[in-house]
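Just so we're on the same page: letters track the sequence lines, and every chain starts at 1.
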Amino acid sequence: MREQLQKLLQEATANVLLAEGATAPEDFSVVVVPSKTPDHGDFACSAPLGLAKVLKAPPLAIAQRIVDQLQDPDGILRKVEVVKPGFINLFLVADQWHAVLKRVLEEGENYGCSVAAQPERVMVEFVSANPTGPLTIGHGRNAILGDVIARLLEVTGHEPVREYYFNNAGRQMRVLGESLQARYEQALGRDAALPEDGYQGEYLVEIARAIAEEHGENWLEGDEDRFKKAAETAIFADIRATLDRLGIVFDVYYNENTLYEEGRVEAALEDLRAAGLVYEDDGAVWLRSKNFGLERDRVLVKSSGEATYLLPDIAYHREKFRRKFDRVIDLLGPDHIEQFPYVKAATGALGIDVERMELVVYQWVNLRSGGELVKMSTRKASFVTVDEVLDDVGPDVFRYFMIDRRADTHLDFDLDLAKERSDRNPVYKIQYAHARLCSIIRKAQDQGLTLPLASAFPYARLESPEEAELVKRMGRFPEILQRAAAQREPQEVTRYLMELATMFHTYVTDAQRHRVLSEDEELSRARLGLVSAVRTTLANGLRMLGITAPERM
RNA sequence: GCGCCCGUAGCUCAGUUGGAUAGAGUGUCAGCUUGCGGAGCUGAAAGUCGCAGGUUCGAAUCCUGCCGGGCGCGCCA
């Protein structure tokens, strides 16, 4: 609907420009946006203000000329207003909104979904935590953001693939194995110290205890590698269990080691070398990243012969595109933001269109408990796990809190607030609206009241401004989802749902003016249709965020 | 020192890419119960949009410089 109007305005504007022999400024475009207040109509356009300079005329006059040129072949406009500085306000014919209601009722649980103009196969790589410990609340933000972005891509007509990349070799894992070994010996009552930079988390104590119970002292001698293996197995099982609780299912777990086994790391290095982008110095192999305008050159292969993380990362990103993805999205914390350009530039040098490589950075999660901020580090034991928080708040609240803020701002997760199962918790307000809607619908069924067919729907009975506003707001849902998906900003959806829920609560509270179920059967059926549509929209929105929509609370 | 992110109501944050009177939640205060679920609703108070300049019809949004917070700047991952 907005697009339709925008097109009409664009044509009218083009005609005005043509008549003047003028061309629009480069970054100019005719945009129609929903009006903020009903006084300003249903939609508004500020294009005349942007054309004042090129046309050398007052914006008001330009607005009038555009309006004069405006065609309305389908008769969707009731009124067009030219106002103060140079805005054009558009008022729709009332039954335009009937189409919205009709659409919601017809599409049901598919309402909001759309078809992409250019469907893309998108890899969303997220979490990607190495199996060195349980998922922390920071990983939790990554996990929920990634999952919801994938869900949003799905409902806007794209094909996301969720991938988890991990590394179970190298120094980190060796230290982990040694830490477990120490814990094991401690479990047997022996005096053993953790390695200097060992992992201090309680979880290793538990794993060690299990090993001690099962194998007694048999592991004191022999293959030390098995501690690493045991740690990895146990921790990965733990991580998967946590993801399961969050309702996240990965399509692919990709082991960095595969890149070595398939020779892709070697190949990447050779191709970079062939492109003249590497050199040797101090016995190490360096990437000429300064050639890409980056700060400094970086090491690809250490003098020890081991690759740094950078080289496999480059190979990995090339591998992603080899698997025929149109787009690749990485979710990373702020500590990785500096490194991404190097991966991107080098991957680009290998012939990949880097415009299709995208980074979503999220800022750290500060956990607040009793007014105190908890600093988190996996190595030190001072972190809070996703599981601990889930025990207190459940997945719905957790998901909501993690996406209700833009990814690139710091997130203060107030544990005390999240724990509160009360009206202070915004997610309940939306869920409560849904439960309340279900209650009304149940009651209608008990009374034998049926939903009218879309073709014979008494739309005209919905006369109040509140009803019109509700329908209008529902009409924006598909566009909100498209925006949220395209911008990778899920908070647009939570905000929207909050608004819609509040509008409904306001509407239904004023039972004097618009009680849904009344003596007037036709009116009741019309309002039942309205209310059902609101329920559908809320339920769909929540589902798209992975949050449940309870029928009773 | 250099690079990236951020600074908006007491608190936590939005702000449709430069548009009309800067909005929500929460907190505070005052109200709403013979009423489809009060986990709700109505109203009020609360802002020099970090500071100072600049760009133009118009700036929370863009450019510059400061101030303050976070993160990064290894042959660590």
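Remark: A:Lys229 does not engage A:Glu232 in a salt bridge, criterion side-chain N to carboxylate O under 4.0 Å. Look at A:Glu358 and A:Arg488 and you find a salt bridge, because one of the NZ, NE, NH1 or NH2 atoms lies within 4.0 Å of a carboxylate O, short of that distance. Note on A:Arg476 versus A:Glu499: no salt bridge recorded, every NZ/NE/NH1/NH2 to OD/OE distance being 4.0 Å or above. Salt-bridge check for A:Glu467 with A:Arg527: passed, with a basic side-chain N closer than 4.0 Å to an acidic carboxylate O.
Base pairing of B:rG18 is not made with any nucleotide, judged by Watson-Crick or G-U wobble geometry with both donor-acceptor distances under 3.5 Å. In this structure B:rC32 sits in a base pair with B:rG40, meeting the Watson-Crick or G-U test at under 3.5 Å. Taking a pair to require two hydrogen-bonding distances under 3.5 Å in either a Watson-Crick or a G-U wobble arrangement, B:rA45 remains unpaired. Across all strands shown, B:rG3 forms a Watson-Crick or G-U wobble pair with B:rC71, both key distances being under 3.5 Å. Under the Watson-Crick or G-U wobble criterion, with both distances below 3.5 Å, B:rU64 is paired with B:rA52. As the counterpart of B:rG25, B:rC11 is assigned, both hydrogen-bonding distances of the Watson-Crick or G-U wobble pattern falling under 3.5 Å.
Rounded to an integer number of Å, the gap from A:Asp412 CG to B:rG25 C1' is 15 Å. Distance, A:Gln363 CD to B:rC71 P: 9 Å, rounded to whole Å. The distance from atom NE2 of A:His336 to atom P of B:rG3 is 22 Å, rounded to the nearest whole Å. Taking atom NE2 on A:His505 and atom P on B:rG25, their separation rounds to 11 Å, with Å as the unit. Put simply, CE on A:Met498 is 13 Å from C1' on B:rG40, counting in whole angstrom units. When rounded to the nearest whole Å, the span between NZ of A:Lys429 and P of B:rG37 equals 18 Å. Atom C1' of nucleotide B:rA39 and atom CZ of A:Phe504 are separated by 13 Å, given to the nearest angstrom. What separates OH of A:Tyr496 from P of B:rA14 is a distance of 20 Å, to the nearest Å.
Residue A:Ser304 places no side-chain atom within donor-acceptor reach of the base of B:rC75, judged by atom type and a 3.5 Å distance cut-off alone. Under 3.5 Å, the side chain of A:Gln512 and the base of B:rG35 form at least one donor-acceptor pair of N or O atoms. The base of B:rA20 is not paired with the side chain of A:Asp39 by any donor and acceptor separated by under 3.5 Å.
Applying the 5.5 angstrom centroid cut-off and the 30 degree plane-angle cut-off, the aromatic ring of A:His40 is stacked upon the base of B:rA20. A stacked arrangement is not assigned to A:Tyr432 and the six-membered base ring of B:rG40, the conditions of a centre distance below 5.5 Å and an interplanar angle below 30° not being jointly met.
Heavy atoms of A:Arg513 sit nowhere under 4.0 angstrom from any nucleic acid atom. Within 4.0 Å (heavy atoms only), A:Thr506 reaches sugar-phosphate atoms of the nucleic acid but no base atom. The residue A:Ala433 sits apart from the nucleic acid: no heavy atom pair falls under 4.0 Å. Here A:Arg515 lies in heavy-atom contact (under 4.0 Å) with a base. Residue contacts shown for A:Gln339 include a base, since a base heavy atom lies under 4.0 Å away. When heavy atoms are screened at a 4.0 angstrom cut-off, A:Glu306 is found touching no nucleic acid atom at all. Here A:Ala44 lies in heavy-atom contact (under 4.0 Å) with a base.
The neighbour count for A:Gln447 CD, taken as heavy atoms of other residues, nucleotides or ligands under 6.0 Å away, is above 12.
Closest to the side chain of A:Trp286, out of B:rA14, B:rA77, B:rC75, is B:rC75. Residue A:Arg436 has its side chain nearest to B:rG40 when only B:rC75, B:rG40, B:rA39 are considered. Checking B:rC75, B:rC5, B:rU16 against the side-chain heavy atoms of A:Asp408 singles out B:rC5 as nearest. The side chain of A:Leu49 approaches B:rG19 more closely than any other nucleotide in the set B:rG19, B:rC71, B:rC73. Side-chain proximity of A:His410 to the nucleotides B:rA20, B:rG70, B:rC13 is greatest for B:rG70. Taking the side chain of A:Asp335 as heavy atoms from C-beta on, and the options B:rA14, B:rC36, B:rC71, the nearest nucleotide is B:rC71.
Checking the phosphate oxygens (OP1, OP2) of B:rU16, no side-chain nitrogen or oxygen of A:Lys36 falls inside 4.0 Å. A close approach under 4.0 Å does not occur between any side-chain nitrogen or oxygen of A:Ser524 and OP1 or OP2 of B:rC36.
Between A:Ala346 and A:Leu272 the shortest heavy-atom distance is O-CD2, 4.0 Å.
With hydrogens and angles left out, the side-chain atoms of A:Asp297 and A:Tyr279 include a donor and acceptor closer than 3.5 Å.
Between the A:His317 side chain and the A:Asp313 main chain, a donor and an acceptor come within less than 3.5 Å of each other.
When the nearest nucleotides of RNA chain B are assigned to A:Glu551 and A:Arg406 by heavy-atom distance, the more 5′-ward of the two goes with A:Arg406. Summary of the strand contacts: A:Asn130 and A:Pro59 both lie near RNA chain B, and taking for each the nucleotide with the nearest heavy atom, the more 5' one is attributed to A:Pro59.
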